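Being a predicted model, the structure only gives us computed values, none of them experimental. The analysis underlying the following values was restricted to heavy atoms, covering all of them including side chains, and did not include hydrogens, waters or symmetry mates.
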Amino acid sequence: MAHSLAVKGIGVDDETRCAHYHSENDRIAIKFFCCGIYYPCFECHQAVGCGNPQVWPKDRFDEKAVLCGACGHELTVQEYLDCSSSCPVCSAGFNPGCSLHKHLYFG
């Protein structure tokens, strides 16, 4: 495991893949605004999370909320949204399809 942060979810591997999203590029976890806990995806949060999902408000996009499962670097919401689907530290690729779900995480 390249990171020391706890990531909750179902079937979470060392690079933060889960039972729902487990392709080679599924290697981020998102800290949910509502509970401050990292989950690999909204489905994991729905299954074992706080039960009160809330998106990150735009005025808090400067806070660290995305974890690279490859190197453990924590990105701010804005860094993640601007990173072109790869970690700015280790260049590991992130799944570009995650952008389809950004409304579930970020306001």
Under a single-linkage definition using a 4.5 Å side-chain heavy-atom cutoff for Ile, Leu, Val, Met, Phe, Trp and Tyr, are [X] and [Y] assigned to the same hydrophobic cluster?
| X | Y | value |
| --- | --- | --- |
| Val77 | Leu104 | yes |
| Val12 | Ile28 | no |
| Phe33 | Leu67 | no |

To the nearest 0.5 Å, tell me how far [X] [atom1] sits from [Y] [atom2].
| X | Y | atom1 | atom2 | value |
| --- | --- | --- | --- | --- |
| Leu81 | Lys58 | CG | NZ | 9.5 Å |
| Cys71 | Glu15 | SG | CD | 9.5 Å |
| Asp14 | Arg27 | CG | CZ | 12.5 Å |
| Ile37 | Ile30 | CD1 | CD1 | 14.5 Å |
| Glu79 | Glu74 | CD | CD | 10.5 Å |
| Phe106 | Gln78 | CZ | CD | 10.0 Å |

Can you name the closest pair of heavy atoms from [X] and [Y] and give their distance?
| X | Y | value |
| --- | --- | --- |
| Gly9 | Pro40 | CA-CD, 4.3 Å |
| Phe61 | Thr76 | O-CB, 3.5 Å |
| Glu63 | Trp56 | OE1-CZ3, 3.6 Å |

task = Side-chain contact test, heavy atoms from C-beta onward, threshold under 4.5 Å: evaluate it for Ile10 versus His20 and give yes or no.
result =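 Yes, their side chains come closer than 4.5 Å.
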request  = Side-chain contact test, heavy atoms from C-beta onward, threshold under 4.5 Å: evaluate it for Cys35 versus Asn52 and give yes or no.
outcome  = no
message = By the side-chain hydrogen bond (donor to acceptor under 3.5 Å, both in side chains) test, which pairs, at least two apart or in different chains, include something from residues 84-106?
response = Asp26-Asn95
Name every donor-acceptor pair, under 3.5 Å, that has one atom in a side chain of residues 43-50 and the other anywhere in the protein, sequence neighbours excluded.
| residue | atom | partner | partner atom | Å |
| --- | --- | --- | --- | --- |
| Glu43 | OE2 | Tyr21 | OH | 3.3 |

request  = If the plane angle is over 60° it's perpendicular, under 30° parallel, otherwise tilted; pick one for Tyr80 and Phe94.
outcome  =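 Geometry flag for Phe94 against Tyr80: tilted rings.
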message = Run Asp13 and His22 through side chain to side chain contact (heavy atoms under 4.5 Å, CB included) and show every step you take.
response = CA-CA 9 Å; Asp13 75 6; His22 46 269; over 6 Å; no
